[in-house]
J.: 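A single structure is presented below for examination.
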Amino acid sequence: MKFGERFSEYLHGEDEHFLDKCTHLEYKQLKKVLKKCRVGYLHDGTASESEGRLSSSQTTENEAVICEETAKSISKSSDPSNHTCSSKTCSVCDKIFFYELTKEVSAIVGCFSSRARRLLHLHLASSFQRYLWRIKHFFADDHEAMIREGRHLVSYVAMNAIAIRKILKKYDKVHSSVNGRNFRTKLQAKHIELLKSPWLIELIAFQINTRDSEQGYIGEIFPECSCDFTGSDPIIKCSLHDSVKLEFNLTCPICLDTVFDPVALGCGHVFCNICACTGASIPTIEGVKAANQRARCPICRQMGVYADSVYLTELGLLVKKRCRGYWKERLRTERAQRVKQAKEHWDLQSRFILGF
């Protein structure tokens, strides 16, 4: 079965009710844009005329109309099935294709992040908060509902990530270019790469924590999620749809130990909280979000990534459960460091106030 058909089945399958509240990649529409491009570049004259008209147009709506008119005029005289665009950049579809794709990916990431954040907040909420949630939902089984929501979210991000990969591969095939591949790098730079989302790491850790709980049988919904803290490099991994396999190394790049009190920066790199604060030259008691806007990620050197950082609470709980001895030792060490930092911080504040 072709992926387009499988994606349509997913959109109208058992997850349809869940998807009513979420946006998704318009896979068929983006393929139509590429098909029009394949038509529009059959003749050099038409291509040149289209480029000129597109360069003078100001709105995406006008660009779509021009692209469609060009495609129709050419399709009357030739069979497009054996031709592809020979240009590495194509103004007939680029402005429509990449603009729409960026907008849709941003919406998908926003929906996924907000729903994952709400789900994980409920999982870690107090008994009273969860009781209020049950009242709101007519005393439904909150644990079962959370597991079901987690399954929907993992399927949602996996299917959309595969659709993005497929459509960009199709773009490169039509244009004989690498712009589709380069576009994925741009998504990472904008912090909207789906499979690099810290919330995906949290959901995998959430699944494993759930499987370890008394209701562990429910964890069979995600049988492919696992973690390994016995090797030289601790890892957490999960197998998704279409043979997509995710593996995240849980070694902090700064202290070279298993991440403790983990935090993910906006670029997706994961550190110990105290290591991330050290990298930004700020006290741990202030938190990573207090870092200067010009602070760079210690790995990729991107600026502005501290403001979008995410505390990986579920992952921290997983480390606590699986590495109890290590976790207790790190807790003692970090408490001592935080007390020392707090003392130094308030000494400086006192001197400043007293004018020393």
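Keep in mind it's a predicted model, so treat the numbers as computed, not measured.
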J.: Hey, mind stepping through Thr258 and Cys252 against side-chain contact (heavy atoms from CB on, under 4.5 Å) and telling me if it holds?
T.: CA-CA 6 Å; Thr258 302; Cys252 175; over 6 Å; no
J.: Within a strict 4.5 Å, meaning less than it, do heavy atoms of the His269 and Pro253 side chains meet?
T.: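 No; the side chains remain at least 4.5 Å from each other.
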J.: Supply the atom-to-atom distance Glu26 CD to Ile167 CD1, rounded to the nearest 0.5 angstrom.
T.: 11.5 Å
J.: Taking C-beta and beyond as the side chain, do Arg165 and Ile162 meet within less than 4.5 Å on heavy atoms?
T.: yes
J.: side-chain contact (heavy atoms from CB on, under 4.5 Å) for Tyr156 and Ile108? Distances and angles first, verdict last.
T.: CA-CA 9 Å; Tyr156 172 72; Ile108 291 168; 3.6 Å; yes
J.: One thing to verify: whether Lys343 and Asp347 come together as a salt bridge, which I'm taking to mean a side-chain N less than 4.0 angstrom from a carboxylate O.
T.: yes
J.: Can you tell if the side chain of Arg330 reaches within under 4.5 Å of the side chain of Cys272, non-hydrogen atoms only?
T.: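 Yes, close enough: below the 4.5 Å cut-off.
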J.: Should Leu250 and Ile235 count as side-chain neighbours, where that means a heavy-atom distance under 4.5 Å?
T.: no
J.: Give, for atom CG of Leu101 and atom CG of Leu187, the distance between the pair rounded to the nearest 0.5 Å.
T.: 6.5 Å
J.: Would you say Phe260 and Ile274 make side-chain contact, with heavy atoms under 4.5 Å?
T.: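 They are not in contact (no side-chain heavy atoms under 4.5 Å apart), so the answer is no.
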J.: Apply the test side-chain contact (heavy atoms from CB on, under 4.5 Å) to residues Leu318 and Phe206: give CA-CA distance (whole Å), side-chain angles for both, the deciding distance (0.1 Å), then the verdict.
T.: CA-CA 8 Å; Leu318 179 62; Phe206 162 72; over 6 Å; no
J.: Phe183: which residues meet the ring pair (Phe, Tyr, Trp, His ring centres under 6.0 Å) condition with it, sequence neighbours left out?
T.: Phe98
J.: Provide the closest heavy-atom pair for Pro198 versus Val310 in the form atom of the first, atom of the second, distance.
T.: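 Closest approach of Pro198 to Val310, heavy atoms only: CG-CG2, 4.0 Å.
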J.: On a heavy-atom basis, which atom in Arg338 and which in Asp261 lie closest, and how many Å separate them?
T.: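 Minimum heavy-atom separation between Arg338 and Asp261: NH2-OD2, 3.1 Å.
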J.: Output yes when a side-chain donor or acceptor of Ser197 lies under 3.5 Å from a complementary backbone atom of Leu194, and no otherwise.
T.: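 Side chain of Ser197 to backbone of Leu194, a donor-acceptor pair under 3.5 Å: no, none is there.
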J.: Taking C-beta and beyond as the side chain, do Pro262 and Val319 meet within less than 4.5 Å on heavy atoms?
T.: no
J.: Looking at CG of Leu153 and CZ of Arg151, how far apart are the two atoms once the value is rounded to the nearest 0.5 Å?
T.: 10.5 Å
J.: If I compare all heavy atoms of Thr284 with all of Gln341, which pair ends up nearest, and what's the gap?
T.: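 Closest pair (atom of Thr284, atom of Gln341, distance): N-OE1, 2.8 Å.
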J.: What closest approach, in Å, do Arg296 and Arg301 show between heavy atoms, and which atom pair accounts for it?
T.: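 Smallest interatomic distance, heavy atoms only, reads NH1-O, 2.8 Å.
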J.: Give the other cluster members for Val288, using side-chain heavy-atom distances under 4.5 Å between Ile, Leu, Val, Met, Phe, Trp and Tyr residues; answer none if it is isolated.
T.: Ile254, Val263, Leu265, Phe271, Ile299, Val305, Tyr306, Tyr311
J.: Which heavy atom of Ile236 sits nearest to which heavy atom of Ile201, and what is that distance?
T.: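 Minimum heavy-atom contact is CD1-O, 4.4 Å.
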J.: With side chains defined as the heavy atoms from C-beta onward, is the minimum distance between Cys225 and Lys237 less than 4.5 Å?
T.: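 A side-chain contact under 4.5 Å is absent here.
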J.: Would you confirm whether Asp172, through its side chain, and Gly180, through its main-chain N or O, come within 3.5 Å as a donor-acceptor pair?
T.: yes
J.: Side-chain contact test, heavy atoms from C-beta onward, threshold under 4.5 Å: evaluate it for Phe248 versus Leu246 and give yes or no.
T.: yes
J.: Quick one: does any side-chain atom of Glu202 pair with a main-chain N or O of Glu314 as donor and acceptor, under 3.5 Å?
T.: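 Pair found, side chain donor or acceptor close to backbone of Glu314.
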J.: Between Ala342 and Ile285, which heavy-atom pair has the shortest distance, and what is it?
T.: CA-CD1, 4.1 Å
J.: Quick check for you: to the nearest 0.5 Å, what is the distance between Leu30 atom CG and Leu168 atom CG?
T.: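 That separation rounds to 9.0 Å.
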J.: Is Arg181 atom CZ crowded by more than 12 heavy atoms from other residues, nucleotides or ligands, each under 6.0 Å away?
T.: no
J.: Got a second to check how far Cys111's SG is from Asn160's CG, nearest 0.5 Å?
T.: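 Cys111 atom SG to Asn160 atom CG measures 9.0 Å (nearest 0.5 Å).
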J.: Output, in order, the C-alpha distance, side-chain angles, deciding distance and verdict of side-chain contact (heavy atoms from CB on, under 4.5 Å) for Leu203 and Phe112.
T.: CA-CA 11 Å; Leu203 283 175; Phe112 172 69; 3.6 Å; yes
J.: About how many Å separate OH of Tyr171 and CG of Asn179, when rounded to the nearest 0.5 Å?
T.: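 The OH atom of Tyr171 is 4.5 Å from CG of Asn179, to the nearest 0.5 Å.
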J.: More than 12 heavy atoms of other residues, nucleotides or ligands under 6.0 Å from NZ of Lys289: yes or no?
T.: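 Count over threshold, so yes.
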